[in-house]
Amino acid sequence: MPNWTISAVPTERREPRPISASRSQKRPDTWRVLRWALAVQLGFAAALLGTDLAQVLPRLAWPSNAPGLTDPIGPGDQTRRFTPDRLPARAPSPGSRPLPTTDDMPSRLSFATPQWQGKTVLTLTGRIAEGDATRFTEYLATQDTPPTLVYLNSPGGSVRDALDIGRTIRERKMNTVMSASDICLSACPYVLAAGVARYADQDAMVGVHQHYFGQNTVLPAFVAVEQIQRGQGDVMRYLQDMGVDPLLMQHALVTPADEIYLLTSEEREFYRLTTSLDPIE
């Protein structure tokens with residue numbers, strides 16, 4: 001029997017080809033790219049922060065010198081200082097409101113359904129915080145027969161929540177009311193606008209000013225501007241849907257956030273923010 005053997009066939013050994021100088025020059029330095037990207041991001045952040053500070057610092061250094069919130073107003077003299085955290089107490093006149101005015105506004109809306117003049121009414125008191133629109137809907141779901149009369153007393157807050165609360169009020173065909181000692185400022189007038197019938201006592205405070213719609217320093221400037229414009233458009237469309245003249249916004253757009261433009265009774269009627277001159281029963 002033949003003796004078979006298998007021998008390995010030698011192969012040609014090839015040395016790795018060196019990377020040409022041109023190819024090595026085209027390969028990016030990872031750390032250099034990362035450092036460059038970080039530097040660009042820090043530059044954008046610094047520029048945006050500087051822009052925001054440029055808008056805020058003058059207001060801090062030279063705060064509003066407008067009269068105090070409770071100073072009497074007159075046509076052409078309606079801009080007042082506004083600090084939501086420091087609101088003057090306004091004692092309600094006897095028999096004007098189902099619940100007394102609170103000296104310190106709750107940090108978010110407080111809902112209650114007291115008996116008033118032989119029927120159940122709904123009171124909304126305090127600042128409008130994010131998430132209050134959901135809380136409002138959940139609260140109404142607990143009521144066997146939700147009231148149709150809504151008393152408002154709020155310094156404002158979240159615009160988005162105010163619009164959503166207003167839509168819920170209109171869907172349920174509720175009426176909105178303010179007594180002489182109530183305030184409805186900033187975003188609150190959009191809730192007032194939602195009532196099918198709307199009444200505010202002559203001495204009630206109803207005021208508007210500029211709003212913020214979620215912009216912050218981490219957003220590019222063009223995105224922040226886009227958010228503001230979209231937000232203003234949503235508010236104007238909402239007012240029109242509620243039967244309120246969107247020209248009401250002209251006073252808000254020119255009044256800075258640390259001031260408030262208080263509407264006269266004639267202006268509330270002119271812009272159709274209120275619909276009744278007599279208290280709603």
Side-chain angles (χ1 to χ4, degrees), residues 82 84-201 203-208 211 235 238-239 241-242 244 260 273-276 279-281:
F82 177 61
D85 296 331
R86 295 194 297 273
L87 296 171
R90 306 183 73 211
S93 56
S96 66
R97 196 175 197 277
L99 288 180
T101 301
T102 54
D103 292 341
D104 296 321
M105 282 286 179
S107 59
R108 64 187 316 159
L109 279 180
S110 173
F111 313 123
T113 49
Q115 289 291 317
W116 177 245
Q117 295 180 343
K119 59 184 176 182
T120 302
V121 298
L122 174 62
T123 60
L124 273 60
T125 307
R127 301 188 67 176
I128 305 171
E130 292 187 8
D132 277 351
T134 300
R135 291 180 56 243
F136 180 61
T137 302
E138 293 173 347
Y139 181 82
L140 290 179
T142 66
Q143 305 297 308
D144 294 333
T145 305
T148 59
L149 199 60
V150 183
Y151 277 81
L152 304 176
N153 191 25
S154 170
S158 168
V159 178
R160 300 294 182 191
D161 285 82
L163 298 183
D164 288 342
I165 290 172
R167 293 186 182 99
T168 299
I169 288 175
R170 179 57 64 91
E171 288 172 1
R172 293 175 177 264
K173 296 180 172 56
M174 296 175 165
N175 302 320
T176 50
V177 181
M178 293 181 62
S179 71
S181 60
D182 290 329
I183 64 172
C184 189
L185 309 173
S186 186
C188 177
Y190 307 137
V191 181
L192 174 63
V196 176
R198 309 179 286 273
Y199 169 79
D201 187 275
D203 293 329
M205 285 187 181
V206 182
V208 295
H211 297 304
V235 169
Y238 168 88
L239 291 175
D241 291 342
M242 297 299 163
V244 178
I260 200 81
L273 185 58
T274 55
T275 62
S276 175
I280 301 172
E281 300 296 336

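The shortest distance between side-chain heavy atoms of Ile280 and Leu149 falls below 4.5 Å. Counting heavy atoms from C-beta on, the side chains of Arg198 and Thr275 come closer than 4.5 Å. A 4.5 Å side-chain heavy-atom check between Leu124 and Phe111 finds at least one atom pair inside the cut-off. When side chains are defined from C-beta on, Thr113 does not count as touching Val121, because their heavy atoms never get closer than 4.5 Å. Between Ile128 and Ser154 there is a side-chain heavy-atom pair separated by less than 4.5 Å. Inter-residue side-chain proximity for Phe136 and Leu109 is flagged as unmet; no heavy-atom pair is nearer than 4.5 Å. Between Asp182 and Asp201, the closest side-chain pair of non-hydrogen atoms is not below 4.5 Å. A 4.5 Å side-chain heavy-atom check between Leu140 and Leu122 finds at least one atom pair inside the cut-off.
Taking CG of Asp164 as the start and CD1 of Ile169 as the end, the distance is 11.5 Å to the nearest 0.5 Å. Here the CG-OH distance, from Leu163 to Tyr190, works out to 7.5 Å after rounding to the nearest 0.5 Å. Rounding to the nearest 0.5 angstrom, the gap separating the CZ atom in Arg135 from the CG atom in Asp161 is 10.0 Å. Taking CE from Met178 and CG from Asn153, the interatomic distance works out to 7.0 Å, rounded to the nearest 0.5 Å. Taking CG from Leu273 and CG from Leu239, the interatomic distance works out to 8.0 Å, rounded to the nearest 0.5 Å. From Asp241, atom CG reaches atom CZ of Arg167 across 7.5 Å, with rounding to the nearest 0.5 Å.
Heavy atoms only, all atoms of each residue included: Ile260 and Ser186 are closest at CD1-N, 3.6 Å. Residues Ala200 and Val206 share a closest heavy-atom pair of CB-CG2, 4.4 Å. Shortest non-hydrogen contact noted between Ala193 and Met242 is O-CB, 3.5 Å. What you find for Pro106 and Thr125 is that their closest heavy atoms are CG-O, 3.9 Å. Nearest heavy-atom pair, Ala162 versus Ala187, reported as atom, atom and distance to 0.1 Å: CB-O, 3.5 Å. Residues Leu185 and Met205 approach most closely at CD2-O, 3.9 Å, considering heavy atoms.
Side chain of Arg127 to main chain of Ser158: no donor-acceptor pair is present (N/O by atom type, distance under 3.5 Å, no hydrogens or angles). Looking only at distances, a side-chain donor or acceptor of Asn175 sits under 3.5 Å from a matching main-chain atom of Ala197.
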Inset, instruction - Determine, stepwise, if the pair Val196 / Arg170 fulfils side-chain contact (heavy atoms from CB on, under 4.5 Å). - result: CA-CA 6 Å; Val196 176; Arg170 179 57 64 91; 4.1 Å; yes
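Environment of CD in Gln143: crowded, with over 12 heavy atoms of neighbouring residues, nucleotides or ligands closer than 6.0 Å.
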